[in-house]
Amino acid sequence: MPSSPAVPTDATTPISLDQARALGRNNASAIQALLDVEVAEQDVNVSRSALLPQLSLAASAGKTWTSNQIRANFIPDPTNANRVITREVEAPAYTIANYDLGLTLTQVIYDRARFKQLQQSGVLRDVEKSQALEEADTSELEAIRRFFVLFRTQATLQVLEATVKRSEEQLERARALFQAGRVGKNEEITALVNLGNDRITFTSTLAQLVTDQTQLAIWLARPGTEPLQAADPGVLQTEPAPAPAMDTALTQAREHRPLLAALQGQVRSAELQRAIARADYIPSLSARGSYTRGGPSAEAVFTEPRLQNDLTASVQLSWDLFNGFATGAQSKRAEANIRRAQVILAQTVREIEGQVRSAHRSLEAQLVAARLAADNREAAVQGLRLAEERFRAGAGSTLEVRDSQLSLTQAELSLLENRIDVEIARFTLLRAMGALSPGESK
């Protein structure tokens, strides 16, 4: 007989549920969302820069060369005072140097559009932050799901390994009873076939283990070849906690779901866009000052502060009185965008409430199923014990023991499946509520 298969003992990297959650929030998608936040932060700085003083420095040095030129001179006719005589004169070549140095300061005093643009940039930055939190929650939930899928496969292998051992023990009992003349050869053959089938099932599950390890590692931005091992989170040894009240879950979702905060920010941004469009109805005011120095020599411009000075100051009022009804059209378009953002927000609120209700009901159903699975396992254990006692006494058959073994294996796998599903359903509900991670980590 070939030896019993065992769980692979290759070097693995243990990972806990908390580690998977933390790494999941740094998934590639979550990092991209954080980069969008950085871009939005710089957009705020760009909008603010338009309201800060603008100071520019300009300096130039040049020279103009002019060759001999024929020019027309107009002189009175000495013989007729009412006439002018034109004479062409050749002017000599000359060279002129030009040097300039200047400072220009511009400051916006009041421009409603620019102030509203700055405010809108801040709102959009907050929107991106909320979107980043939403993406981080999504990535964390997927990391949790993949962690539990891997842990379930590991636990399934342990159940199947125990099933193989039970089949080996049943084969030894059948062989001993056959040699003692108490059962027929067919009992030993049946037990041998059952053992082979159990080993096939165990071996097939090993391939699923590799797949689950790879899927988790990739999601956590780790090498796909790294064999991760999900550390026992302790959920199989504890009684699952009940689901929170539905009203509490809905209130939590309305107040803390990042997606709703992002969509509320979109509505506010659309309202600010309308204010920006209407700003053309209001005049803008700015101040401008310039200090320049210019002259034909570098010494006069750059080394003699008492010479060549020009200072100019002005206040400018700008008012767009008519622009072909563009302001009205832009305002109406902004109002349509406000209504659209409000519709999207209202629809998303309904969808999130539906998600919470669905996740809450799923958790309650899984809790019931887990309790029933635990009862089934206890019954299956008793059934197998009774079937083995009957077989030892010669009153039963390998087929009866095999049926009891399969019932126990199915009951154990069902309990495992439902207990893991309880945890996945619980985290899914927390995700829908916007309570997946505490505020400190966010």
Side-chain angles (χ1 to χ4, degrees), residues 16-25 27 29-30 33 123 126-149 151-152 233-268 341-375 415-442:
S16 66
L17 176 59
D18 290 340
Q19 289 175 326
R21 295 180 64 177
L23 292 173
R25 296 189 75 83
N27 175 267
S29 299
V123 171
D126 295 338
V127 168
E128 290 297 339
K129 288 182 178 180
S130 297
Q131 291 282 17
L133 290 178
E134 183 76 12
E135 186 61 40
D137 283 352
T138 301
S139 298
E140 180 181 350
L141 179 61
E142 180 62 18
I144 292 171
R145 188 193 68 80
R146 297 191 185 201
F147 174 88
F148 275 112
V149 167
F151 177 71
R152 179 174 57 197
V235 297
L236 301 180
Q237 295 80 30
T238 59
E239 186 71 18
M246 175 65 76
D247 292 341
T248 302
L250 288 174
T251 301
Q252 176 81 9
R254 296 188 188 104
E255 294 178 354
H256 298 286
R257 183 69 184 266
L259 179 58
L260 293 182
L263 293 177
Q264 290 167 356
Q266 293 286 5
V267 174
R268 178 58 180 153
Q342 291 172 339
V343 169
I344 294 175
L345 174 60
Q347 179 64 21
T348 304
V349 169
R350 291 189 288 268
E351 292 175 354
I352 289 178
E353 291 175 345
Q355 292 174 7
V356 171
R357 182 175 182 274
S358 177
H360 188 274
R361 184 66 188 89
S362 176
L363 176 57
E364 289 182 329
Q366 290 298 335
L367 288 170
V368 174
R371 287 194 293 269
L372 295 175
D375 294 340
L415 175 59
L416 173 63
E417 183 84 17
N418 283 280
R419 190 62 185 87
I420 294 299
D421 287 344
V422 166
E423 297 306 312
I424 294 178
R426 188 183 307 280
F427 282 111
T428 301
L429 175 59
L430 292 175
R431 164 72 177 89
M433 294 165 53
L436 187 59
S437 292
E440 291 78 4
S441 66
K442 290 186 177 183

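Numbers here simply count residues along the sequence, with the first being 1. Note that the coordinates shown come from a computational prediction; the quantities given were computed from them, not determined experimentally.
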Applying side chain to side chain contact (heavy atoms under 4.5 Å, CB included), can you list everything that pairs with [X], at least two apart in sequence or on another chain?
X    : value
A33  : A132, E135
V368 : R371, L372
I344 : L263, R340, T348
A425 : S362, L363, Q366

(request) Quick one: which residue pairs count as a salt bridge (charged side-chain N to carboxylate O under 4.0 Å, His left out) with a foot in residues 342-359, not counting sequence neighbours? (result)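 Listed by first then second residue: R254-E353.
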(request) Return each pair, listed once, that meets salt bridge (charged side-chain N to carboxylate O under 4.0 Å, His left out) where at least one residue sits in residues 417-431; pairs must be two or more places apart or across chains. (result)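 For residues 417-431, and leaving out neighbouring residues, the salt bridge (charged side-chain N to carboxylate O under 4.0 Å, His left out) pairs sorted by first residue read E134-R431, R152-E417, R152-D421, R419-E423.
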(message) So if I apply the side-chain contact (heavy atoms from CB on, under 4.5 Å) rule between Q355 and each of R257, H360, M433, which one comes out positive?
(response)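 Considering R257, H360, M433, a side-chain contact (heavy atoms from CB on, under 4.5 Å) with Q355 is found only for R257.
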For [X] and [Y], which heavy atoms make the closest approach, and how far apart are they?
X    : Y    : result
A262 : V127 : O-CG2, 3.6 Å
L415 : A374 : CD1-N, 3.7 Å
L260 : L345 : O-CD1, 4.1 Å
A359 : L429 : CB-CA, 3.7 Å
I352 : A432 : CG2-O, 3.9 Å

(message) Restricting to salt bridge (charged side-chain N to carboxylate O under 4.0 Å, His left out), what partner residues turn up for R268, sequence neighbours left out?
(response)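 Checked R268 against salt bridge (charged side-chain N to carboxylate O under 4.0 Å, His left out); matches are E271.
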Which atom pairs, donor and acceptor, lie under 3.5 Å between side-chain atoms of residues 235-253 and protein residues at least two apart or in another chain?
| residue | atom | partner | partner atom | Å |
| --- | --- | --- | --- | --- |
| Q237 | NE2 | D232 | OD2 | 3.4 |
| T238 | OG1 | G234 | O | 3.3 |
| T251 | OG1 | D247 | O | 2.9 |

(request) Look up atom CG in L436 and atom CG in L133, then write down how far apart they are to the nearest 0.5 Å. (result)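 So the CG of L436 and the CG of L133 are separated by 11.5 Å.
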(message) What's the separation between atom CD in Q264 and atom CG in L259, rounded to the nearest 0.5 Å?
(response)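 One gets 10.0 Å once the value is rounded to the nearest 0.5 Å.
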(request) Could I get the full list of side-chain hydrogen bond (donor to acceptor under 3.5 Å, both in side chains) partners for N418, not counting sequence neighbours? (result)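 For N418 the side-chain hydrogen bond (donor to acceptor under 3.5 Å, both in side chains) partners, ignoring immediate neighbours, are S414.
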(message) Quick one, F148 and L17 - any side-chain contact, counting heavy atoms below 4.5 Å?
(response)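 F148 vs L17: side chains touch.
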Acceptor/donor pairs from residues 140-147 side chains to any protein atom, 3.5 angstrom cut, sequence neighbours excluded:
| residue | atom | partner | partner atom | Å |
| --- | --- | --- | --- | --- |
| E140 | OE1 | R25 | NH1 | 2.4 |
| E140 | OE1 | S437 | OG | 2.5 |
| E140 | OE2 | R21 | NE | 2.6 |
| E140 | OE2 | R21 | NH2 | 2.9 |
| E140 | OE2 | S437 | OG | 3.1 |
| E142 | OE1 | R145 | NE | 3.3 |
| E142 | OE2 | R145 | NE | 3.4 |
| E142 | OE2 | R145 | NH2 | 2.8 |
| E142 | OE2 | R146 | NE | 2.7 |
| E142 | OE2 | R146 | NH2 | 3.4 |
| R146 | NH1 | Q215 | O | 2.7 |
| R146 | NH1 | Q215 | OE1 | 3.3 |

